[in-house]
Amino acid sequence: MADLKPRRLRGHKATATCCIASVATPGLVATAGEDGCVCWFDMRCKDVIDIMEVGEEPVSSLCFRPGNENMIFVSSEKQVKSFDVRLGSSCSWKPLESYDYNKEEINQIACNSKSSFLAATDDGGEIKIIDICQKRIYKTLRAGHTSICSSVQFLPWRPWEVITGGLDSKLVMWDFSKGRPNKIMNFGLSDANNGDGKEQCFNPAFVHAIEVPEIDMLDKSDKVCVVARGDGAVDVINIEAELATMRSKGSRKPQKGSQSRSKEKEIPDQNGWKRLHLDYSSGGHTAAVSCVAFSLFGDRGRFIISGGNDKLVKVWDWTKCLDAGQTISSSDLLHLNINLSKKVNWFCTTPADMENLVVCDTTKVVKVYSVA
């Protein structure tokens, strides 16, 4: 286990909640906090370069507008605001647009790769799809989640589909043009979801966060979704294999959770491998996983990074599964353990060779680590 000494970024007056890193401008990082502020950092500089005061309520989520990172979307309470970073300064930040479509507190926002739609998930289990070109609500997705909808990502290879996770232990794949689910996976249905059937912690398999690869990563990885679970497991779901299984006439269990086993975590079928289950028996987390991400540094997408309430960040070399072309032990996939002093709220990676992992823990000081 590595006890790496992090660089510390100071600017928030309360707990840092989330962060994003620019791809177009390497070294530029935005962090958000419970103080209602967004802090901007340039890794080449010692101190915070600007502070955006969004409001008095905590900021829950951030995302850039793909293709135009001068535009940033910020969620707080039930509202999403958009800003042009070129027009602001420390003394004045005025939103270009405000979207007030969610009835409950927003947990995460995401923008699709074509920069035409924004998704906002909330505590009521609904997902609002906003047409950001027309500046209006496009669709409300409901009846998929029965509890808090915690996370959302658009599928870049399926332009009309979005995937969400919730505290009902469900992962839902939606056709948002039709407003209905294509598939619902429930990780809370069976003990088989925990590998060999043994409980690894007392927490249920809530879905706390999800991540999908960017479009330029797909030539080196499969079309997957990574799931951060409340029971300490990280699941890598082959979305195309799941959808193909659902369509198959012989499939009788389309909504079961992960059926992976502790010794053989990779499940091949006629469509290729199906799921990868990374739990404590693989060297994984022993408490709820709060965040997952693909690495933007080095060979983009090579690593999956997870962080959790056990005060650990784990780096998984998951592409070994793809290279092997056969079932392998998932214990061989753990590349690096990083020991933290606090629980993880969120993190992001940057394209840099050094200072490429930015971590928001349960303090107001953001930590930056170097992962090789």
Side-chain angles (χ1 to χ4, degrees), residues 2 4 6-7 9 16 18-32 38-44 61-73 85 108-115 151-157 163 209-228 234 236 289-307 313-322 333-338 344-361 366-372:
L4 303 179
R7 176 181 174 181
L9 304 180
C18 57
C19 54
I20 53 175
S22 171
V23 175
T25 308
L28 183 65
V29 173
T31 65
V38 175
C39 293
W40 294 90
F41 297 95
D42 187 330
M43 293 295 101
R44 299 170 298 179
S61 186
L62 300 168
C63 69
F64 286 117
R65 183 168 184 170
N68 180 13
E69 291 187 351
N70 291 317
M71 296 287 296
I72 187 173
F73 296 96
V85 298
Q108 189 178 20
I109 56 175
C111 192
N112 72 335
S113 59
K114 293 185 178 181
S115 300
S151 47
V152 60
Q153 294 291 329
F154 286 93
L155 299 182
W157 61 91
I163 188 165
I210 59 177
E211 188 64 75
V212 298
E214 296 181 9
I215 196 71
D216 63 345
M217 298 178 183
L218 296 181
D219 59 338
K220 298 178 182 177
S221 70
D222 281 335
K223 297 172 180 177
V224 301
C225 177
V226 186
V227 182
V234 175
V236 186
V289 184
S290 54
C291 186
V292 285
F294 286 96
S295 58
L296 296 181
F297 51 83
D299 193 0
R300 287 168 56 88
R302 173 185 173 184
F303 298 114
I304 288 173
I305 304 172
S306 60
V313 169
K314 295 179 179 289
V315 182
W316 304 90
D317 191 356
W318 77 287
T319 54
K320 286 183 178 179
C321 291
L322 307 180
L333 304 181
L334 185 59
H335 175 74
L336 179 66
N337 259 323
I338 302 176
V344 176
N345 276 339
W346 203 255
F347 56 73
C348 66
T349 63
T350 78
D353 293 331
M354 302 292 290
E355 296 185 340
N356 47 24
L357 177 63
V358 182
V359 179
C360 298
D361 58 25
V366 179
K367 283 80 173 179
V368 185
Y369 297 86
S370 294
V371 177

Work out which heavy atom in [X] is nearest to a heavy atom in [Y]; give both atom names and the distance.
X	Y	answer
Pro66	Cys111	CD-SG, 3.6 Å
Gly67	Ser115	N-OG, 4.5 Å
Cys291	Ala228	N-CB, 4.2 Å
Gln153	Ala110	CA-CB, 4.5 Å
Val289	Val292	CG1-CG1, 4.3 Å
Ala16	Asn345	O-ND2, 3.1 Å

With a sphere of 6.0 Å drawn around CG of Asp353, does it hold more than 12 non-hydrogen atoms of other residues, nucleotides or ligands?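 Atom CG in Asp353 is not crowded, with 12 or fewer foreign heavy atoms closer than 6.0 Å.
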Does [X] reach the side chain of [Y], with side-chain heavy atoms less than 4.5 Å apart?
X	Y	result
Val85	Trp40	yes
Pro156	Val212	yes
Leu296	Thr350	no
Cys19	Trp346	yes
Leu62	Val38	yes
Leu334	Lys314	yes
Ile109	Cys63	yes
Arg7	Met43	yes

Check step by step if side-chain hydrogen bond (donor to acceptor under 3.5 Å, both in side chains) holds for Glu69 and Ser22. CA-CA 7 Å; Glu69 291 187 351; Ser22 171; 2.4 Å; yes
For the atom pair [atom1] ([X]) and [atom2] ([Y]), what is the distance rounded to the nearest 0.5 Å?
X	Y	atom1	atom2	value
His335	Ser295	NE2	OG	9.5 Å
Phe297	Ser370	CZ	OG	9.5 Å
Cys321	Leu333	SG	CG	4.5 Å
Ser306	Trp316	OG	CH2	6.0 Å
Glu214	Phe294	CD	CZ	10.0 Å
Leu9	Phe41	CG	CZ	5.0 Å

One pair to check against side-chain contact (heavy atoms from CB on, under 4.5 Å): Leu218 and Trp157. What are the steps and the verdict? CA-CA 9 Å; Leu218 296 181; Trp157 61 91; 3.8 Å; yes
What's the verdict on side-chain contact (heavy atoms from CB on, under 4.5 Å) for Thr349 and Tyr369, showing C-alpha distance, side-chain angles and the deciding distance? CA-CA 10 Å; Thr349 63; Tyr369 297 86; over 6 Å; no
Under 3.5 Å, side chain of Asp42 to main-chain N/O of Arg44, donor-acceptor pair present?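 Such a contact is found between Asp42 side chain and Arg44 backbone.
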Determine the sole option in Val368, Val366, Leu357 for which the side-chain contact (heavy atoms from CB on, under 4.5 Å) test with Phe347 is passed.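 Running side-chain contact (heavy atoms from CB on, under 4.5 Å) over Val368, Val366, Leu357 with Phe347 returns exactly one hit, Leu357.
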Verdict with supporting geometry, Cys348 and Val358, side-chain contact (heavy atoms from CB on, under 4.5 Å): CA-CA 5 Å; Cys348 66; Val358 182; 3.9 Å; yes
For a side-chain contact (heavy atoms from CB on, under 4.5 Å) check, start with the C-alpha distance between Ile338 and Val371, then their side-chain angles and the critical distance, and finish with the verdict. CA-CA 9 Å; Ile338 302 176; Val371 177; 4.0 Å; yes
